[in-house]
Every structure is written in C-alpha cells, then in structure tokens.
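Structure record follows, encoded as structure tokens.
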Number of protein chains: 2
Amino acid sequence: METNPRQAKVTMQDVANHVGVSRTTVSFVLNGGTGNGIPEETRDRVHQAVSELGYRPNAGARALASKQTKLYGLITEIVIAPYAANIVRGAEEQAAREGKTLLIASTDGSSDADRRAIETMLEHRVEGLIYATSWHRGVRLPAVAEEVPTVLVHCFDEATKLHSVIPDEAQGGYVATMRLIGAGHDRIGLINLDPVIPAAIGRRAGYVRALEQAGIGLDESLVINEDGEADQGYRAAVALLDGSRPPTAIFCATDRMAMGAYDAIKERGLRIGDDISVVGFDNQEVIANYLRPSLTTVALPFQQMGATGVAMLAKLAANRDLAPLQRIVECPLVERTSVRLPVAAS
Amino acid sequence: METNPRQAKVTMQDVANHVGVSRTTVSFVLNGGTGNGIPEETRDRVHQAVSELGYRPNAGARALASKQTKLYGLITEIVIAPYAANIVRGAEEQAAREGKTLLIASTDGSSDADRRAIETMLEHRVEGLIYATSWHRGVRLPAVAEEVPTVLVHCFDEATKLHSVIPDEAQGGYVATMRLIGAGHDRIGLINLDPVIPAAIGRRAGYVRALEQAGIGLDESLVINEDGEADQGYRAAVALLDGSRPPTAIFCATDRMAMGAYDAIKERGLRIGDDISVVGFDNQEVIANYLRPSLTTVALPFQQMGATGVAMLAKLAANRDLAPLQRIVECPLVERTSVRLPVAAS
DNA sequence: GCGCGTTACTAACGCGCGTTAGTGGATGTG
DNA sequence: CACATCCACTAACGCGCGTTAGTAACGCGC
C-alpha cells in the first residue's frame with residue numbers, strides 16, 4: 001500500500017511488467033468479473049502489484065476507451081441560496097449508488113452562465129445533466145442542453161419537454177394547516193407568498209383544502225400575500241393580530257416570514273405555542289431550530305429531490321425518448337414547539 | 001451554429017474532412033496561436049466547420065494527449081454547513097480565471113469519506129486539491145493527499161506541511177469590539193465560543209487588544225463561554241444582563257448566539273441599537289439580515305478565502321516544493337443597525 | 001538550372017486504457 | 001495418435017487528441 005508520493009504516474013503497463021503478465025491480463029483482472037479464465041493466483045499477484053505500486057486507473061483514458069465517462073453534471077444556483085444545498089447532497093449520494101461521479105457547477109441563473117456551465121459539462125462528456133434551482137419555478141434551458149438527457153430539480157420546463165422533480169407544495173400546505181386544525185384552531189391566518197409563483201399557489205391550495213375538509217369556511221381577510229422576507233412577515237402578522245377578529249394560529253409560507261411574525265406576536269405579549277400557534281414552511285434550520293420557541297414547519301425535501309433526480313436521470317440515460325414525466329415529492333411536517341397541544345375545548 | 005442534437009459525437013477528424021484539411025491542421029487552428037503558418041482563410045473555414053458541425057473538444061482525450069487535465073479538486077463539508085457555500089463560489093470564480101475546472105465533492109468530514117473523495121479526484125488526475133471546512137480548525141488529511149499539491153481553506157494542517165488560508169479571527173474580534181468602543185461603550189460583554197477552538201481564541205484576543213488599546217480594563221465577569229447556539233446565547237445574555245453591573249454592549253462570537261441574546265434583551269424591555277448594542281460574528285445572512293433590528297456583525301471572508309485558495313494552488317502547482325505558507329484573510333465588519341450611534345456623552 | 005528559405009500543410013506516434021481476435025500448451029476423447 | 005476442448009494468456013486495434021518531424025510547392029537570388 002505504498003502510495004508512491006508524487007512520482008511519475010504509474011500505468012497499467014507498469015503493473016503488468018511488475019507481475020510479469022501482459023497489460024491485457026491486468027485489465028481483465030481489474031475490470032472483468034471472474035468470467036475470464038484467470039486463476040485466483042494471478043489475480044492476487046495483480047492486486048498486490050496494484051497496491052504496491054499505488055496504481056490508480058486514469059479516469060480520462062478509461063472514458064476514452066470505454067466510451068462512457070460515468071459522469072453526471074449538476075448545475076445549480078445553490079451557492080447563491082445555500083439552504084437548498086441538500087439537493088447536492090442527495091444527488092451525490094444517489095450518484096455514488098449508481099457508480100457515477102458528479103461534476104458540479106454553479107450558476108447565477110443567467111442563461112449565459114447556464115450555457116457556459118453546460119458547455120463545460122458537455123466537453124467532459126457527461127452522460128446526463130441535472131439542473132437544480134433554489135426556488136420552485138419554471139425555467140427554460142439553453143438549447144445545448146438537448147444534446148444530453150436532462151432532469152430538472154425543484155423547477156420545471158416551461159416548454160414541458162424535460163423531466164422534472166418538484167415538491168408537493170399543496171400537500172405541504174395541507175399538512176401544515178391540518179396540524180393547526182388538529183390542535184383545535186379554527187381561525188387560521190395564512191401569510192403567503194406572491195400568489196403567482198408555484199409555491200404560493202400550491203401552499204394556498206393545500207390550506208384551502210384542509211379548511212374545507214374540516215368544514216371551516218375560508219375567510220379571505222385572514223390571507224395576506226407578501227414577498228417572503230422577515231419584515232414582511234412582521235407587517236402581515238401585525239395586520240392579522242390587530243384586526244377585529246384575530247386568528248389563533250398562523251401558517252407562514254416561509255420560515256423567514258414566521259421569524260417576523262414571531263416578533264409581532266411577542267410584542268403583543270402573546271406566547272407562541274400557547275396563546276397562539278405558528279407553522280412555517282422551508283425548514284430553514286438556522287431559523288426554525290433557533291427561534292424561541294423552535295418553529296414547527298414543513299420541509300422542502302431537498303435531499304430526496306436531489307436523489308430522485310439522479311435516479312430519474314439514470315433511467316433516462318438508459319432509455320432515451322422516454323416521455324417527459326414529472327415526479328412530485330412529498331413535503332414532510334417537521335414537528336417542533338410552536339404549535340400548542342391539542343386541547344379538549346378550543 | 002447547428003447544435004447537432006444527440007447524434008454520434010463529432011470529432012476533430014470530422015471537422016477536418018468537412019474542411020478538406022488534415023486533422024493536424026484543425027488542431028493547430030483550435031489550439032495553437034497564430035504562430036503556425038496557417039493563413040487566415042483556412043482558419044476561418046475551420047472555425048466555420050466547427051460551428052456548423054457543433055464540434056466540441058473531448059476534454060478526456062485532450063487531457064490524455066496533453067497530459068494536463070486542467071482540473072482542480074475541491075473537497076468540502078459545505079453541504080453540511082451551507083452558510084460557508086461562498087467558499088465554493090470564490091473558488092469557482094478564481095478557477096475560471098485560471099482556466100481550470102473544479103471537480104467538487106462533499107464529505108461529512110470523516111477521514112473515510114475524505115479518502116474516497118480524494119481517491120476519485122486522483123483518478124480524474126486533478127492537478128491540485130483544495131480542502132475546505134465549515135469551521136476553522138486543524139485537520140489531518142489522509143496520506144493520499146500528498147500525491148498532489150494541496151491547499152487547505154478555513155482550516156490548517158496539524159502537521160503544518162500543507163498550505164492554508166484562514167480567516168483573521170483576531171482582527172475580526174478587534175474590529176467588532178472597536179466598533180462598540182467607537183459608539184461610546186466601555187462595558188462590553190463577550191459571549192464567546194468554547195475557548196479552545198481557534199475561532200474563540202482569536203476573537204477573544206481581538207477583543208482584549210481593542211479594550212487595551214482603548215484603555216479599558218478587562219473584566220472577566222463580562223466574558224462568558226458557550227457553544228455557539230441560540231439558546232446558549234440567550235442564557236449567557238441573561239447572566240450578563242441580570243448581573244450587578246450589566247454591560248451596555250455585547251459582542252457575540254456567533255450570529256446564532258446573538259439571536260438568542262436578542263430575545264433576552266427584548267424580554268427585559270431594552271431596545272437594541274439604542275439602550276444596548278450588539279455585534280455578532282459570521283454574517284450568517286438569514287439571521288443577521290432578518291433579525292429586528294438587523295445585526296451588525298463580522299463576516300468570515302468565505303468567497304475571498306475560496307478564491308485565494310485556488311490562486312495559491314495555481315502557484316503551488318507551478319512550483320512544487322514551495323515552503324508551506326499560511327495566508328490570513330481579513331474579516332470585514334458588516335454594518336447594520338444593532339449598534340447605537342456614537343454619542344457625545346457615554 | 002540549382003540551392004535555399006518560406007509557406008502550408010500532413011503522416012505518424014503516443015497518451016492509458018477496453019476489447020476483440022487470436023495463440024500456444026495442456027488435457028480429454030475416440 | 002489425431003483431434004477437439006479448454007485454459008491462460010497476449011497482440012493489436014482504436015478511442016480523440018497534442019505534437020514532432022517531415023514534405024511538397026513555390027518564390028527568389030545567382
């Protein structure tokens with residue numbers, strides 16, 4: 001196991017010479033299964049030479065000869081929005097399972113940066129491409145992406161030609177609202193996002209469905225749309241709490257808005273998880289975990305989406321011209337302490 | 001500029017045939033400068049054929065022939081601690097400037113995951129390695145890393161054999177404290193981290209130096225060590241505020257602890273940025289930006305450290321056996337609104 | 001007409017490896 | 001003893017490209 005510190009790279013031929021066989025034999029031992037008629041003893045000698053010399057296959061040469069790089073490309077704006085980094089994690093893990101290596105590049109989302117990143121990946125002959133965004137939206141990839149199987153993660157193709165993996169926003173909104181209903185609330189505020197984006201549409205739909213199912217009438221005065229940031233959550237919460245018939249629970253479409261809502265609530269002397277309940281969305285750890293009390297919220301299944309994306313890509317690469325399909329991944333509720341316990345009488 | 005959607009890959013030979021010259025000529029046109037005696041007209045025809053056929057050089061083949069991959073490897077636990085993702089961003093930008101591509105892999109920090117990641121990079125024949133951590137500490141890389149130039153970012157080699165880029169924690173602690181002194185404070189609490197880790201040592205050193213320089217005596221009762229999380233920041237702030245002679249300003253060694261301190265301060269009816277000032281450390285955007293009032297804090301220069309790491313690597317790769325050197329990068333103060341304005345009378 | 005320097009290319013090798021088609025020897029079969 | 005099988009291997013090609021050494025054609029001076 002001598003690791004041959006910084007010398008000329010040892011090749012397969014070196015191993016062959018060392019053992020006294022041909023390079024072909026070494027190749028068979030290292031790649032072929034037990035199928036080739038090579039006796040155990042020779043195999044052992046080869047393996048020993050490999051570790052003695054510190055031989056390491058050259059991925060580039062191997063790719064050239066075998067015509068498969070075992071590379072998948074992952075392009076993402078994650079670096080800009082780090083909280084979605086688990087997409088990368090999930091993708092990497094799944095790639096490892098498939099025996100692939102991920103080539104990761106970041107983009108600022110501009111189509112120019114996208115194109116350059118894709119170009120680089122294609123030069124490296126990736127066998128497939130994953131494009132992941134930090135927020136759920138429609139995208140349109142540069143034409144070059146069509147040269148290779150592509151899967152979108154946390155976004156979808158506006159031309160609906162590409163496969164994609166997206167979160168089930170509606171189900172997320174539903175479980176969040178149901179959690180509050182289950183705790184005995186029947187006046188539940190919704191601080192939502194800009195109502196044209198997919199996240200807002202879905203989360204609201206889930207909210208509405210939960211209310212309906214519980215036989216609670218939808219009160220539009222309890223729904224406020226904002227842009228997702230903390231100070232807007234604060235403003236919206238103030239509006240709700242200072243209204244004529246304030247809610248006893250608030251579902252915030254982002255944890256950041258929940259953070260702002262917390263301030264408004266505390267200012268009014270109310271105790272969260274007691275006098276009033278709050279549920280967030282995003283499971284942004286730094287916020288949800290460290291708010292006082294910690295925030296019950298709905299998680300975007302980043303890791304799972306990343307893994308699913310890679311798995312889909314593997315299928316797609318094996319069988320091109322598969323009809324574009326959209327995989328929807330569930331958003332689990334993450335229980336913490338901002339929702340009061342269910343009580344007998346509301 | 002037809003992009004040849006998913007057909008057999010076009011090679012340099014195809015371009016040559018299309019133009020009616022040899023492959024060598026094409027290679028000269030694409031790689032060589034204007035040095036080779038190839039007339040403008042031929043060059044044009046080659047370039048046109050390239051874009052007509054959608055030719056794209058094969059990075060693997062090119063690496064094989066030229067014996068340089070132009071790949072740098074970046075190994076990081078960033079995915080675990082996304083707030084440090086700017087290291088990746090800085091590294092990528094600098095790599096692009098150097099004409100290199102980054103091969104990124106994540107690790108959970110276990111030496112086993114490290115080794116596997118490094119192994120993969122070496123198979124791809126990276127020309128150098130960057131190892132970045134999410135928190136400032138000493139590390140010990142697996143022996144395989146010695147086969148290739150390596151630079152550590154946000155960490156240092158316990159055996160002091162490897163180059164590294166680390167943040168100037170002491171200077172960071174200094175500017176933070178100076179900012180508070182400049183605002184007229186002379187009783188300044190420090191909620192620090194576990195005093196054995198580099199971040200805590202440095203930040204405290206900076207704090208002490210600033211006090212000394214201002215002629216303020218160090219009061220150990222104003223210094224509390226905790227583990228960095230919000231609830232501990234809360235506890236520590238309570239202890240400080242409820243003491244006999246409470247501070248009028250608090251320097252928190254993490255933004256998360258500042259977040260907890262905010263709660264303690266607000267509970268006591270004090271107004272941050274007015275009755276009392278707070279400075280954090282880390283510039284963790286989700287927190288610092290959205291706390292109310294927003295948090296003045298010290299930033300870890302992740303992006304710059306990433307870029308510096310790559311730049312050092314480039315130098316190192318050009319000139320191996322350079323004495324291991326340690327580059328220290330300044331931590332800038334990020335001004336927000338949690339420090340009161342300087343007043344005439346303290 | 002001959003030697004010589006340019007100009008504009010090309011033939012051919014090798015990078016490290018996967019893979020196909022074979023080869024020489026040992027063993028079994030009739 | 002001729003012949004077919006297996007066993008254990010090897011020669012050789014080609015993947016796409018960079019690069020070195022060389023060549024053919026042309027113009028120029030003498």
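Given the structure is predicted, the values throughout are model-derived calculations rather than measurements. Within every chain, numbering begins at 1; the chains are lettered A, B, ... in the order of the sequence lines, protein sequences first and strands thereafter.
The interatomic distance linking A:Leu30 (CG) with C:dT19 (C1') rounds to 14 Å, in whole Å. One can place CD of B:Glu123 at 16 Å from C1' of C:dG18, the figure rounded to the nearest angstrom. Here D:dA8 presents its C1' atom at 14 Å from CD of A:Glu40, a figure rounded to the nearest Å. Put simply, NE2 on B:His124 is 21 Å from P on C:dC15, counting in whole angstrom units. If you take CZ of B:Phe28 and P of C:dT7, they are 15 Å apart, rounded to a whole angstrom. One can place CZ of A:Arg23 at 13 Å from P of D:dC13, the figure rounded to the nearest angstrom. The distance between atom NZ of A:Lys9 and atom P of C:dC15, rounded to the nearest whole Å, is 16 Å. We find that CD of B:Gln13 is positioned 12 Å from C1' of C:dA11, with the value rounded to whole Å.
The existence of a salt bridge linking B:Arg45 and B:Glu52 is excluded, since no basic side-chain nitrogen approaches an acidic carboxylate oxygen closer than 4.0 Å.
Residue B:Ser66 is classed as a sugar-phosphate contact, given heavy-atom separations below 4.0 Å to backbone atoms only. If you check every strand for non-hydrogen atoms under 4.0 Å, A:Thr25 touches a base. Residue A:Ser27 is classed as a base contact, given a heavy-atom separation below 4.0 Å to a base.
Screening A:Ile75, A:Val88, A:Ile130 for a side chain to side chain contact (heavy atoms under 4.5 Å, CB included) with A:Ile104, the sole residue that qualifies is A:Val88. The only member of A:Lys70, A:Lys67, A:Lys100, A:Arg320 that meets salt bridge (charged side-chain N to carboxylate O under 4.0 Å, His left out) when paired with A:Glu127 is A:Lys100.
Using a 3.5 Å distance cut-off with no hydrogens or angles, the side chains of B:Ser134 and B:Glu77 do pair a donor with an acceptor. With no hydrogens or angles considered, no side-chain donor-acceptor pair links B:Gln304 and B:Glu330 at under 3.5 Å. Defined by atom type and a distance below 3.5 Å, a donor-acceptor pair is present between the side-chain atoms of A:Gln94 and A:Arg97.
If you check distances only, the side chain of B:Arg125 never reaches the base of C:dG16 with a donor-acceptor pair under 3.5 Å. Interface remark: the A:Thr24 side chain does form a donor-acceptor pair with the D:dA11 base, using a distance-only criterion of under 3.5 Å. For C:dG16, its base never sits under 3.5 Å from the side chain of A:Arg56 at any donor and acceptor pair.
For C:dC17, the OP1/OP2 oxygens have no side-chain nitrogen or oxygen of A:Asn58 closer than 4.0 Å. For D:dT10, the OP1/OP2 oxygens have a side-chain nitrogen or oxygen of A:Ser22 closer than 4.0 Å. Between A:Thr42 and the phosphate of D:dC9, there is a side-chain N or O to OP1/OP2 separation shorter than 4.0 Å.
In this structure, the nucleotide among C:dC17, D:dG18, C:dC9 sitting nearest to the side chain of A:Arg62 is C:dC17. In this structure, the nucleotide among D:dG16, C:dG18, D:dT10 sitting nearest to the side chain of B:Leu64 is D:dG16.
The pairing partner recorded for D:dC30 is C:dG1, the criterion being a Watson-Crick or G-U wobble arrangement whose two distances lie under 3.5 angstrom. The base-pairing partner of D:dT10, taking Watson-Crick or G-U wobble contacts with both distances under 3.5 Å, is C:dA21.
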